[in-house]
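Because only heavy atoms are used, hydrogens play no part in the values below, and waters and symmetry mates are left out as well, while side chains stay in.
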Amino acid sequence: MNNWDECISLWSISLNRGEIKPKRTGEEYKRYLMEFLNRPGLESDPGLVTESRVNEYCFSVDHKGLMPSRGLISMRIAALKNFYKFAVMLGRISYNPSMNIQRPQVLKISPKYLDMYHIDKLLGVLPQSPAGLRDRVIITLILTTGLTRSQVLNIKVVDFSIEEKIILKSVTQKGDAIYRYIPIVLFDTIKTSLKAKGFSFTKMQLEDQLFDITPKSFTINLSRYSNMADLKWVNTHVLRHTWARHIINDNAVIDQYAKDLLGHVSDVLKSHKLAA
């Protein structure tokens with residue numbers, strides 16, 4: 001192993017140890033570095049790099065022969081800056097050739113969200129069936145709690161704390177517990193959706209899950225509903241953005257929001273001859 005091979009190996013180890021987060025970003029850094037070093041003239045000595053060579057690579061066409069996006073250019077520059085900064089630290093070179101190359105400004109696009117008109121359109125196309133009522137509850141839970149698709153679909157009976165107020169416990173990917181207030185009108189609708197499937201919330205086991213649908217199947221259903229409502233841009237991220245946009249930490253506001261969302265649920269319940 002020559003000195004540069006050792007430098008690259010040590011740099012890769014530093015990325016794997018969490019210097020760059022998330023892990024996927026570190027893998028992308030390594031891929032861009034290898035792509036750069038495999039260009040003609042650099043294979044023998046990565047130290048023979050000039051700022052112009054770095055600049056040429058970072059703004060070159062992608063693997064499909066297309067002009068690179070701002071995001072791709074930024075990732076290439078970030079990867080090379082990180083590697084050559086590491087090389088300088090090890091004493092392999094005295095100057096970082098990518099230091100003065102500026103990453104292009106990535107335009108920030110405001111996240112899309114649903115207003116009440118869009119929400120009504122989306123919920124209005126759901127079928128009046130047990131499965132449709134279940135999906136309505138899942139959508140509404142995301143809208144009123146901001147939980148992810150997986151967090152909602154993994155909800156179990158034991159996750160509810162029912163006292164003066166109904167609190168739902170969930171766990172993030174990092175393992176942190178978070179709590180969400182569940183308005184009574186939404187909790188009643190959860191029980192109704194279970195009843196439509198032949199279950200009773202009070203008779204279920206603590207470890208029983210509320211929803212009998214996989215994340216992939218729910219995503220397919222949501223996509224179909226979105227197309228039916230002529231809202232093709234709607235996905236679970238949009239539902240969560242809507243929660244962030246509309247909900248503030250005020251129980252009265254949350255209650256009213258839930259009532260507005262579920263206001264037309266009564267027609268579905270009537271069709272099943274069920275009481276909310």
Side-chain angles (χ1 to χ4, degrees), residues 109-155 159 166 168 170 178 180-197 199 201 209-276:
I109 301 175
S110 298
K112 293 182 179 180
Y113 68 94
L114 299 165
D115 58 24
M116 291 306 299
Y117 170 74
H118 292 135
I119 292 172
D120 191 61
K121 281 189 67 177
L122 177 62
L123 296 182
V125 301
L126 269 64
Q128 297 185 1
S129 64
L133 185 55
R134 174 205 61 206
D135 291 347
R136 183 188 303 270
V137 171
I138 294 171
I139 291 171
T140 308
L141 271 168
I142 298 174
L143 286 170
T144 54
T145 63
L147 296 177
T148 66
R149 175 192 62 181
S150 296
Q151 286 173 321
V152 170
L153 296 185
N154 287 326
I155 292 175
D159 296 326
I166 302 169
L168 173 65
S170 185
I178 58 175
R180 292 289 188 266
Y181 164 64
I182 302 297
I184 186 64
V185 64
L186 177 53
F187 186 63
D188 286 343
T189 308
I190 291 172
K191 292 190 292 185
T192 298
S193 71
L194 291 172
K195 188 175 180 181
K197 288 276 190 175
F199 298 100
F201 182 86
Q209 288 188 312
L210 263 60
F211 305 114
D212 57 344
I213 187 171
T214 64
K216 181 178 179 180
S217 295
F218 174 72
T219 298
I220 292 173
N221 286 358
L222 180 59
S223 178
R224 184 173 71 253
Y225 302 145
S226 300
N227 288 334
M228 291 167 59
D230 195 24
L231 299 169
K232 297 181 180 181
W233 45 274
V234 172
N235 53 35
T236 52
H237 290 295
V238 172
L239 300 182
R240 297 186 67 208
H241 293 160
T242 301
W243 168 79
R245 181 83 179 193
H246 287 289
I247 295 301
I248 61 174
N249 191 23
D250 184 327
N251 290 344
V253 173
I254 295 176
D255 279 335
Q256 186 58 51
Y257 185 57
K259 289 178 182 177
D260 290 342
L261 289 177
L262 298 169
H264 56 288
V265 134
S266 57
D267 292 334
V268 178
L269 304 185
K270 289 177 183 177
S271 70
H272 290 291
K273 297 181 181 180
L274 298 172

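With values rounded to the nearest 0.5 angstrom, Leu122 atom CG is found 9.0 Å from Thr140 atom OG1. Taken from OG1 in Thr145 to CD1 in Ile155, the straight-line distance is 6.5 Å, to the nearest 0.5 Å. In this structure, CG on Leu168 lies 4.5 Å from CD1 on Ile182, to the nearest 0.5 angstrom. Of the inter-residue distances, the one linking Leu126 atom CG with Leu222 atom CG reads 9.0 Å to the nearest 0.5 angstrom. One finds the CG atom of Leu141 at 11.5 Å from the CZ atom of Arg180 (value rounded to the nearest 0.5 Å). Taken to the nearest 0.5 Å, the OG1 atom of Thr144 stands 10.0 Å off from the CH2 atom of Trp243.
Residue pairs meeting the ring pair (Phe, Tyr, Trp, His ring centres under 6.0 Å) criterion with at least one partner in residues 125-152, sequence neighbours excluded, do not occur; the list is empty.
With a 6.0 Å radius and a threshold of 12 heavy atoms from other residues, nucleotides or ligands, Tyr113 has its OH atom at or below the threshold.
Of all heavy-atom pairs spanning Tyr225 and Asp135, the tightest one is OH-OD2, 2.5 Å. Closest non-hydrogen pair, Leu147 versus Ile142, comes out as O-CG2, 3.6 Å. Between Leu210 and Leu194 the shortest heavy-atom distance is O-CD2, 3.4 Å.
Residues satisfying the side-chain hydrogen bond (donor to acceptor under 3.5 Å, both in side chains) test with Thr148, not counting sequence neighbours, are Gln151. With sequence neighbours excluded, the residues that form a side-chain contact (heavy atoms from CB on, under 4.5 Å) with Thr219 are Arg149. Taking the salt bridge (Lys or Arg N to Asp or Glu O under 4.0 Å) definition, one finds that Lys112 meets it with nothing, sequence neighbours left out. Under the ring-ring contact (aromatic ring centres under 6.0 Å, His included) criterion, Phe201 pairs with Phe160, Phe187, not counting sequence neighbours. Residues meeting the salt bridge (Lys or Arg N to Asp or Glu O under 4.0 Å) test with Arg134, sequence neighbours left out: Asp212. Residues that satisfy the side-chain hydrogen bond (donor to acceptor under 3.5 Å, both in side chains) test with His118, not counting sequence neighbours, are Asp115. Partners of Asp159 under the side-chain hydrogen bond (donor to acceptor under 3.5 Å, both in side chains) rule, at least two apart in sequence or in another chain, do not exist in this structure. Considering only residues two or more places apart in sequence or on other chains, Ser217 meets the side-chain contact (heavy atoms from CB on, under 4.5 Å) condition with Ile213, Thr214. With sequence neighbours excluded, the residues satisfying salt bridge (Lys or Arg N to Asp or Glu O under 4.0 Å) with Lys191 are Asp188.
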Given Lys216 and Ile220, is the side-chain contact (heavy atoms from CB on, under 4.5 Å) satisfied, shown in steps? CA-CA 6 Å; Lys216 181 178 179 180; Ile220 292 173; 4.3 Å; yes
Would you sort out whether Arg224 and Asn221 count as a side chain to side chain donor-acceptor pair (under 3.5 Å), showing the intermediate values? CA-CA 5 Å; Arg224 184 173 71 253; Asn221 286 358; 3.2 Å; yes
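With hydrogens and angles disregarded, no donor-acceptor distance shorter than 3.5 Å links the side chain of Thr242 to the backbone of Leu143. A donor-acceptor pair under 3.5 Å is formed between the side chain of Asn227 and the backbone N or O of Ser223.
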Name every donor-acceptor pair, under 3.5 Å, that has one atom in a side chain of residues 228-239 and the other anywhere in the protein, sequence neighbours excluded.
from: Asn235; atom 1: OD1; to: His237; atom 2: N; distance (Å): 3.0
from: Asn235; atom 1: OD1; to: Val238; atom 2: N; distance (Å): 2.9

